[in-house]
Amino acid sequence: MAPRLDFSDWWGNKEGTPVVVKMENPSYSVVDINGPDSAFRAVEKSRGKNAKQVTWVLLLKANRAVGCVAWLATVFWALLGTIKKRLIFRQGVAVATEKLGKGKLVLQIIRVFLAASLAILAFEVVAYLKGWRYFESANLHIPRTLDLQGWLHVVYVAWLTFRVDYIAPLIEALSQFCVVLFLIQSVDRLILCLGCFWIKYKKIKPRIEGDPFKSDDVEASGYEYPMVLVQIPMCNEREVYEQSITAVCQMDWPKDRILIQVLDDSNDESIQWLIKAEVAKWNQKGINIIYRHRLIRTGYKAGNLKSAMGCDYVKDYEFVAIFDADFQPNPDFLKLTVPHFKGNPELGLVQARWVFVNKDENLLTRLQNVNLCFHFEVEQQVNGTFLNFFGFNGTAGVWRIKALEESGGWLERTTVEDMDIAVRAHLNGWKFIFLNDVKVLCEVPESYEAYRKQQHRWHSGPMQLFRLCLPAIIASKIAFWKKANLIFLFFLLRKLILPFYSFTLFCIILPLTMFVPEAELPMWVICYVPVVMSFLNILPAPKSFPFIVPYLLFENTMSVTKFNAMVSGLFQLGSSYEWVVTKKAGRSSESDLLAAAERDSKTMNQPQICRGASETELELLNQLQEQKEATPTPVKKVNKIYRKELALAFLLLTASVRSLLSAQGVHFYFLLFQGLTFLVVGLDLIGEQIS
């Protein structure tokens, strides 16, 4: 029966009102049209898909899944091959010597923990297979004497009782102490990030007022530039000496108002001749540059700078700029930094930011870039803005010479002479500013061995300095809150507590809690808070967000070296005085390469004329140039095996297997990936090339 359509109500209504179709047959639907365009709405994409299209979509997703699994299998197979090659057959590797502090003692302790964990794991597996699953819950149930089944069961129950009564309370107390330190350090990081956001929001930064070089004397005409001394300390820097000297010699400053000192501590005569040739070349071009070499290298970098500041002509200069051998300042560096001293007699230091020419070289350099970007963008900038104090970075900074002299000059008592002079200048009332927008190119270590030695020096030196400076800080006349900031924040929290809790909590306590579940760490300590802190640390380097998980795992891995260095410096062990020059690769930026190519083309098209040079000097320059062009025999890279990292890798992997017995999924994945990270670092794979 056909439906009856009633149009009487619709006929009297205005255009655009709803239309109701009434149907007597219940097999028909009621259609409500709310407007003229309702009938022409787009059809959902899910409609109209036939079986063939669905099949193709499923095939594409399956292809992606298979590709991901294949990639993971390839990586895992390559890791197994590397383990077989480097760890079992020892092909192309050498065992790293444990000279950094009590490295051997730490290694022996880790080995004891590893042996104990393997024995306990074997015992737990046997108990699991026999059905003695008392460890599946933190509320341990000790069976009664009547329920015991044989001597093995008796031993197992005795172990459970001993674990609950003696081991669990100690681990729980230590873990709670480390968690408190962890939260305090997290709050400090959060406050620093909020301070950085406030600086960005308010656009706070040091500014130069007026024309700083215009003479104040009405009768005088033109501009007046202060006398600036530039120092380039170096030691056996074959790869980078040329680019640093070239960059400094090209700085835009009146030639009669600047003197460049190349402070060479090299003990390799061939490198000495190469540096002399570079200095002679720029001297011929009219640059006021001199070469200094010490026969006895005492005091390392501090002794080198102290010796250079003792020259008679230094009294004619007002400021000194310092650049390490791998630093390449822009031509306008002095014009962007020196003007801040004018009209600010209390200012002692102007520090510029580092940027890294090789930050994308491999995974290790990418992770270092994350750490250092946070250090400069957040720590240095916030402390410089609100406290007028931060640790001098040892390079890419300009000092007022008067501030150096009144603070006691360079001292050779530690391996962190830059932090030493900064603390003493702060105690004498001098202020510092940090220029985040003035950037100087430099390098980060590309190999784990170089990075490890650098981090040992950077973390042992501050603890050594803390012991020496604590009486002076307490007796100083600065404000109480400044003393508290120096002692509790600058030294204890950021130099001592951070490596202590990171190593103890994530490398020792966490794997132990897998064997002592009564002292289990809460989930927010293992997962949530570390991820949030890593997210905050990575904010200044937004392009590194894909590396947030490797960054978190690698920081925990480096806590072993940092903890060892901290103990070495705090108790003044032998290796705390050890200075190892960080190996450089001599990387150049793209603009530097283009400029070098342009200079080479001009040199080929135009004959060079050395004015004021005798024939003997020209012959010497030619000999030096020939020696410079002689390419040294390439040395095949030898990978190192780091035993502490490998021992911790096996300890964490053992703990991850134990977590499977108690079905702790998050703990398993964290321990697994942390153990694999230790394994990669221990096999010296972290510095391999990546695309």
Side-chain angles (χ1 to χ4, degrees), residues 180-181 183-199 201-202 204-207 209 319 337 340-352 374-394 397-411 413-414 416-436 461-498 569-570:
V180 171
L181 297 180
L183 292 178
I184 294 174
Q185 197 270 339
S186 300
V187 171
D188 175 62
R189 287 291 174 101
L190 182 60
I191 293 174
L192 287 174
C193 289
L194 292 176
C196 183
F197 290 147
W198 181 257
I199 291 172
Y201 176 71
K202 290 293 185 178
I204 303 173
K205 67 176 183 178
R207 302 182 188 276
E209 302 294 338
F319 306 105
T337 54
H340 290 278
F341 289 97
K342 187 174 183 180
N344 195 356
E346 296 181 347
L347 184 61
L349 167 67
V350 176
Q351 175 70 59
F374 182 86
H375 172 69
F376 288 109
E377 185 87 13
V378 180
E379 289 182 345
Q380 297 284 79
Q381 186 173 208
V382 171
N383 290 325
T385 301
F386 296 106
L387 303 178
N388 294 121
F389 168 73
F390 48 83
F392 175 47
N393 299 123
V398 181
W399 276 94
R400 191 189 296 271
I401 294 181
K402 182 181 178 182
L404 289 177
E405 294 174 347
E406 289 186 356
S407 303
W410 299 104
L411 298 182
R413 56 182 182 174
T414 68
V416 284
E417 73 294 326
D418 44 9
M419 186 180 294
D420 188 0
I421 187 64
V423 171
R424 287 185 281 116
H426 181 58
L427 295 179
N428 280 286
W430 291 99
K431 297 181 178 180
F432 307 159
I433 64 172
F434 177 77
L435 302 179
N436 191 54
M463 288 297 95
Q464 185 183 6
L465 179 63
F466 177 65
R467 288 175 55 101
L468 298 173
C469 286
L470 184 59
I473 294 173
I474 296 175
S476 65
K477 297 180 180 180
I478 62 175
F480 176 78
W481 68 269
K482 291 185 177 180
K483 294 181 182 180
N485 173 67
L486 266 177
I487 295 174
F488 295 107
L489 292 181
F490 185 75
F491 278 112
L492 292 181
L493 182 60
R494 297 168 188 165
K495 303 297 189 297
L496 187 147
I497 292 178
L498 177 59
L570 189 62

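The closest donor-acceptor contact from the side chain of Gln185 to the backbone of Leu181 lies at 3.5 Å or more, if one exists at all.
The salt bridge (Lys or Arg N to Asp or Glu O under 4.0 Å) pairs that include a residue from residues 184-199 are Asp188-Arg494, where partners are two or more places apart or lie in different chains. For the side chain to side chain donor-acceptor pair (under 3.5 Å) condition, no pair includes a residue of residues 469-484, sequence neighbours left out.
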Full working for side chain to side chain contact (heavy atoms under 4.5 Å, CB included) between Arg413 and Cys469: CA-CA 11 Å; Arg413 56 182 182 174; Cys469 286; 3.6 Å; yes
Side chain to side chain contact (heavy atoms under 4.5 Å, CB included) between Glu406 and Asn428, worked out: CA-CA 8 Å; Glu406 289 186 356; Asn428 280 286; 5.6 Å; no
Derivation and outcome, side chain to side chain contact (heavy atoms under 4.5 Å, CB included), residues Glu377 and Asn436: CA-CA 7 Å; Glu377 185 87 13; Asn436 191 54; 3.3 Å; yes
Residue pair Asn388, Glu346: steps toward the side-chain hydrogen bond (donor to acceptor under 3.5 Å, both in side chains) verdict: CA-CA 11 Å; Asn388 294 121; Glu346 296 181 347; over 6 Å; no
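Counting heavy atoms from C-beta on, the side chains of Ile487 and Leu492 come closer than 4.5 Å. Looking only at side-chain heavy atoms (C-beta outward), Lys495 and Met419 come within less than 4.5 Å of each other. Between Phe386 and Ile199, some side-chain heavy-atom pair lies under the 4.5 Å cut-off. At a threshold of 4.5 Å between non-hydrogen side-chain atoms, the residues Cys193 and Phe374 count as touching. Side-chain contact between Leu498 and Leu496: absent, with no pair of heavy atoms (C-beta onward) separated by less than 4.5 Å. Side-chain contact check for Phe434 versus Asn383: every heavy-atom pair is 4.5 Å or farther apart. Leu349 is not listed as a side-chain neighbour of Val398, based on a closest heavy-atom distance of 4.5 Å or more.
With sequence neighbours left out, Phe491 forms a ring-ring contact (aromatic ring centres under 6.0 Å, His included) with Phe466. Here His340 pairs with nothing under the side chain to side chain donor-acceptor pair (under 3.5 Å) rule; sequence neighbours left out. Annotation: ring-ring contact (aromatic ring centres under 6.0 Å, His included) contacts of Phe432 (sequence neighbours excluded): Phe389, Phe390, Trp399. Annotation: salt bridge (Lys or Arg N to Asp or Glu O under 4.0 Å) contacts of Glu379 (sequence neighbours excluded): none.
When all heavy atoms of Leu411 and Gly408 are compared, the closest pair comes out as CD2-O, 3.9 Å. Contact between Ala403 and Gly348 at its shortest, heavy atoms only, is CB-CA, 4.0 Å. Taking both residues in full, the closest heavy atoms of Gln351 and Phe392 are given as OE1-CD1, 3.0 Å, listed atom of the first, atom of the second, then distance. Annotation for Ala425 and Ser407: closest pair CA-OG, 3.2 Å, computed over non-hydrogen atoms. Pairing each heavy atom of Cys196 with each of Val378, the nearest pair is SG-CG2, 4.1 Å. Minimum heavy-atom separation, Leu570 to Met463: N-CB, 3.5 Å.
Checking Gln380 against Asn393 by side-chain atom types alone, a donor-acceptor pair falls below 3.5 Å.
The only option from Ile474, Leu387, Ile473 that meets the side-chain contact (heavy atoms from CB on, under 4.5 Å) definition with Leu486 turns out to be Ile473.
From His426, atom NE2 reaches atom CD1 of Ile421 across 13.5 Å, with rounding to the nearest 0.5 Å. Interatomic distance, Gln464 CD to Thr414 OG1, rounded to the nearest 0.5 Å: 5.5 Å.
No more than 12 heavy atoms of other residues, nucleotides or ligands shown are found within 6.0 angstrom of CZ on Phe488.
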